[in-house]
Amino acid sequence: MAAITLLEGVNMAIDHEMARDINVVALGQDVGKSGGVFRATDGLYKKYGENRVLDTPLAESLIVGLSVGMASQQMRPIAEIQFMGFIFPSFNQIATAAARMRNRTRGRITLPMVIRMPYGGGIHAPEHHSESTEALLAHLPGIKVVVPSTPERAYGLLLAAIRDPDPVIFLEPKRIYRAVKQEVEDNGEAYPLESCFIDREGTDITLVSWGAMMQETLKAADLMEKEGVSCEVIDLVTLNPIDIPTIVESVEKTGRCIIIHEATRAGGLGSEIAAELSEKALLSLYAPIGRVTGYDTIVPYPKSEHYFMPDKDRIVDEIRKAMEYH
Amino acid sequence: MIKPVAKQANKNANLRQTGIDAATKVVANFSIRSVQYLDENANIVHDLPMFAEDSAELLKLFRTMLLLHHFDRKVLMLHRTGKIGTYPGTLGQEAVGVGMASALTDDDILVPYYRSVTDLYVRGVRLHEVLAFWIGDERGLDFKDPRARNDLPLPICISSQIPHAAGVANAIRIRGQKNRAVLTAIGDGGTSEGDFYEGLNCAGTWKLPLVIVINNNRWALTEPNKCQTACQTLAQKAIAGGFEGIQVDGNDVIAVRATVDEALQKARAGGGPTLIEALTYRLCAHTTIDNLERYVDKEEYDQAWQKEPLIRLRKLLQVREVLDEASETRMLNEIKEEIEHEVELALSLPLQPPEAIFDYLYAELPERQQAQRAEVSARWRKN
Ligand SMILES: Cc1ncc(C[n+]2csc(CCOP(=O)(O)OP(=O)(O)O)c2C)c(N)n1
Ligand SMILES: [Mg+2]
């Protein structure tokens, strides 16, 4: 068993499903012959041919619209949007077609499709290549939104996304595409799409995060551990639907919670989790629920990006604040 | 500073003399085929296609168009008496939908647009289904006829269906199904949307088995064609997609059907897509809640009635002695009975249970919505 990156986990899952099911096709800009700008579909064109790994015209609305049409005939398209910053031309197709088809036909037509894309900052990329606008997507009923944080989860969750009978948006934290390696067996075992992972058990405070921010969160938890603060770390994984019961259970135990996300704060998913906790776990709380997020501003260009991006130090500060609250 | 235009022209003339212009290549010339068999006075202006020799077949088309014509009027009455809200009529445009859909086989797939009751009806979708949708019941899009089971629902979002149709056609292409093609429709206004061009461009690039019919009813809500484009025709937009665009008299059901039939056959045989612009006129308001007198020229409108599609077909059928006043009256009585029945079905459809607002969201309802579903259920089933 080889150690692979998150990116290779994505590739392995697509490959696994394409080999298993003739209805699975990959499509998008540059995904074919070249294997995509990040090489997520590397080697698949050669293996499955131009009819199953499609270089599409450069048109995002088309890519999602095509996938809707193909999925309506029970193919299983896996569409790639090159960067999350370019999802907006296709937003209409996601909101008015993909998310609603099952509902508006009362289940007559369903759309087993995946829209995957790299997201998030921290790679010194030009404008529109660093956004985390997952809340805009997670807000829509009718689709699921999933974010892996490790190679192994990328593999297992993408398998699940491809097999899911409904549209799944799969957000890939490109900052950690190649950051960590993990041994992952190509065993075809999918993870469920409705539960989060408790990565570390603890008793003093619950830290909830997802995507690339999991790395910073775990680093902060390590630091605090040395100071005797026991952190429970939850990888949210599925942003729609959110596994609220697991978070509530954790906070009932720890009495404190901080939510960490790269996306801007106002209307971010941290707000939703905090609201749920205030409804369901208020009397368990020893301190106000904290958030460490991107600031409510345009994601700065690379030279100023570090002012914006949450890091372990900001998380540590917030943990201390919660621990010292009385 | 204002540059004299004439001087610039002279400069261009100089360039021409230097021979730079001589390098201009003629890449393509374009002309648009225009199809008509039956003119507005019922003159046969072209040798009829085979199906049109069969009077029984034409009579069937006539009956369907007549039914939809009267359905339109019925719906308007229902609106006036407060029984229904917004409904986009098809008055005057019956030949487009009926002509195009009658060229489909059961294996083909229809991707309709929102003003598609005509084509859907031919496909086997019942009038009460379409009406139910417009009254506000999602079950109207759960088409029950086996022929329409795989057809897409009518979209409200203008032009979003064109990429869908390309996707369905792409599924057919990838699966190597030789006997199938996709037929889709769009309004003239819809051709200004990005999705129209994106779908068109892709269909050409991948040589998809796709036929796109533009119902050019001259109006996009209150905007006439000239607000949409500087092009002489909408058919020529196909040139940008790299395939043929054809104009057809959209009030001549024979022409619409023959042209779509030919295009579908080409598509099934691997010959790629075709764009067909059907020229007709919207004789109804945009929807039941719109008032066309605010923006439609009365004279133009009255003239359009003279070209209305039923008149010429009725004349032809009368000449062929398969229709007369008495038989049309009998036909009309049957039609009205069907319409009444369908309207009754739509209006008497019991409400969906409250829980149904959640029941088609996902294959399996997430916990969050299960709780909300229980709340709605408790609230609405209290007594
Ligand atoms: C994307 C989108 N924009 C605006 C509307 C509102 N709208 C509904 S119908 C219509 C005009 C459509 O005109 P056309 O494409 O010519 O079709 P027709 O109504 O004439 O059949 C408009 C603007 C809409 N439904 N979808
Ligand atoms: Mg129009």
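Naming: A, B, ... by sequence-line order, numbering from 1 per chain. It should be emphasised that the depicted structure is a prediction, and the values quoted were computed from it without experimental measurement.
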- Task: Sort and list the pairs that fulfil ring-ring contact (aromatic ring centres under 6.0 Å, His included) and have at least one residue in residues 54-92 of chain A, not counting sequence neighbours.
- Result: A:Phe38-A:Phe83, A:Phe83-A:His129, A:Phe86-A:His129
- Heaviest contributor of heavy-atom pairs below 4.5 Å to chain B, chosen from A:Pro241, A:Gly142, A:Pro89, A:Ala59, is A:Gly142
- Message: Counting heavy-atom pairs under 4.5 Å with chain A, which one of B:Ala363, B:Gly194, B:Gly176, B:Gly140 comes out on top?
- Response: B:Ala363
- From the list B:Pro366, B:Pro153, B:Gly167, B:Cys157, the residue making the most non-hydrogen contacts under 4.5 Å with chain A is B:Gly167
- Query: Pick from B:Ala166, B:Ala169, B:Cys202: which one has the most heavy-atom pairs with chain A under 4.5 Å?
  - Reply: B:Cys202
- Query: Do other residues, nucleotides or ligands put more than 12 heavy atoms under 6.0 Å from the CG atom of A:Leu282?
  - Reply: yes
- Task: Select one option (side chain, backbone, both, neither) describing which atoms of B:Leu154 are under 4.5 Å from chain A's heavy atoms.
- Result: backbone
- Measure distances from B:Ala203 to the heavy atoms of chain A and classify the residue's part below 4.5 Å as side chain, backbone, both or neither. neither
- Message: Heavy-atom cut-off 4.5 Å, strictly under: side chain, backbone, both or neither for A:Pro245 against chain B?
- Response: side chain
- Item | Any side-chain donor near an acceptor of the partner, A:Glu252 and A:Ser284, under 3.5 Å | no
- The interface call for B:Ile109 against chain A, heavy-atom contacts under 4.5 Å, is side chain
- Message: What's the separation between atom CG in A:Leu137 and atom CG in A:Leu171, rounded to the nearest 0.5 Å?
- Response: 6.5 Å
- Task: Look up atom CG in A:Leu27 and atom CD1 in A:Ile78, then write down how far apart they are to the nearest 0.5 Å.
- Result: 9.0 Å
- Message: For chain B, which candidate among A:Leu54, A:Ile242, A:Ile244 shows the most heavy-atom pairs at distances under 4.5 Å?
- Response: A:Leu54
- Message: Is any side-chain heavy atom of A:Val25 closer than 4.5 Å to one of A:Met70?
- Response: yes
- Message: Can you tell me if A:Ile22 has over 12 outside heavy atoms packed within less than 6.0 Å of its CD1?
- Response: no
- Task: Give, for atom CD1 of A:Ile87 and atom CD1 of A:Ile63, the distance between the pair rounded to the nearest 0.5 Å.
- Result: 11.0 Å
- Which atoms of A:Pro141 come close to chain B, meaning under 4.5 Å heavy atom to heavy atom: side chain ones, backbone ones, both, or neither? both
- Task: Can you tell which part of A:Ile143 gets under 4.5 Å to a heavy atom of chain B, answering side chain, backbone, both or neither?
- Result: backbone
- Item | Rounded distance (nearest 0.5 Å) linking atom CD1 of B:Ile186 with atom CD1 of B:Ile158 | 7.5 Å
- Flag side-chain contact, heavy atom, 4.5 Å: B:Leu234 against B:Phe196: no
- Item | pair A:Leu236-A:Ile273: side-chain heavy atoms closer than 4.5 Å | yes
Cross-interface N/O pairs, chain A with chain B, donor-acceptor, under 3.5 angstrom:
{"unit_1": "A:Asn23", "atom_1": "OD1", "unit_2": "B:Arg175", "atom_2": "NH2", "d": "3.0"}
{"unit_1": "A:Asn51", "atom_1": "OD1", "unit_2": "B:Arg173", "atom_2": "NH1", "d": "3.2"}
{"unit_1": "A:Ser61", "atom_1": "OG", "unit_2": "B:Asp195", "atom_2": "OD1", "d": "2.4"}
{"unit_1": "A:Ser61", "atom_1": "OG", "unit_2": "B:Asp195", "atom_2": "OD2", "d": "3.4"}
{"unit_1": "A:Leu62", "atom_1": "N", "unit_2": "B:Glu198", "atom_2": "OE1", "d": "2.7"}
{"unit_1": "A:Gln73", "atom_1": "O", "unit_2": "B:Arg175", "atom_2": "NH1", "d": "2.9"}
{"unit_1": "A:Gln73", "atom_1": "O", "unit_2": "B:Arg175", "atom_2": "NH2", "d": "3.0"}
{"unit_1": "A:Gln74", "atom_1": "O", "unit_2": "B:Arg175", "atom_2": "NH2", "d": "3.4"}
{"unit_1": "A:Gln93", "atom_1": "OE1", "unit_2": "B:His164", "atom_2": "NE2", "d": "2.6"}
{"unit_1": "A:Gln93", "atom_1": "NE2", "unit_2": "B:Ser160", "atom_2": "O", "d": "3.1"}
{"unit_1": "A:Gln93", "atom_1": "NE2", "unit_2": "B:Asp195", "atom_2": "OD2", "d": "2.8"}
{"unit_1": "A:Asn103", "atom_1": "N", "unit_2": "B:Tyr360", "atom_2": "O", "d": "3.1"}
{"unit_1": "A:Arg104", "atom_1": "NH1", "unit_2": "B:Leu154", "atom_2": "O", "d": "3.1"}
{"unit_1": "A:Arg104", "atom_1": "NH2", "unit_2": "B:Leu154", "atom_2": "O", "d": "2.9"}
{"unit_1": "A:Arg106", "atom_1": "NH1", "unit_2": "B:Gln352", "atom_2": "OE1", "d": "2.7"}
{"unit_1": "A:Arg106", "atom_1": "NH1", "unit_2": "B:Ala356", "atom_2": "O", "d": "3.3"}
{"unit_1": "A:Arg108", "atom_1": "NE", "unit_2": "B:Leu141", "atom_2": "O", "d": "3.0"}
{"unit_1": "A:Arg108", "atom_1": "NH1", "unit_2": "B:Ala148", "atom_2": "O", "d": "3.2"}
{"unit_1": "A:Arg108", "atom_1": "NH1", "unit_2": "B:Arg149", "atom_2": "O", "d": "2.6"}
{"unit_1": "A:Arg108", "atom_1": "NH1", "unit_2": "B:Asp151", "atom_2": "O", "d": "2.7"}
{"unit_1": "A:Arg108", "atom_1": "NH2", "unit_2": "B:Leu141", "atom_2": "O", "d": "3.0"}
{"unit_1": "A:Arg108", "atom_1": "NH2", "unit_2": "B:Asp151", "atom_2": "O", "d": "3.1"}
{"unit_1": "A:Gly142", "atom_1": "N", "unit_2": "B:Tyr362", "atom_2": "OH", "d": "3.1"}
{"unit_1": "A:Ile143", "atom_1": "N", "unit_2": "B:Tyr362", "atom_2": "OH", "d": "3.4"}
{"unit_1": "A:Ile143", "atom_1": "O", "unit_2": "B:Tyr362", "atom_2": "OH", "d": "2.7"}
{"unit_1": "A:Asp166", "atom_1": "OD2", "unit_2": "B:Ala363", "atom_2": "N", "d": "2.7"}
{"unit_1": "A:Glu272", "atom_1": "OE2", "unit_2": "B:Arg368", "atom_2": "NH1", "d": "3.1"}
{"unit_1": "A:Glu272", "atom_1": "OE2", "unit_2": "B:Arg368", "atom_2": "NH2", "d": "2.8"}
{"unit_1": "A:Glu276", "atom_1": "OE2", "unit_2": "B:Arg368", "atom_2": "NH2", "d": "3.1"}

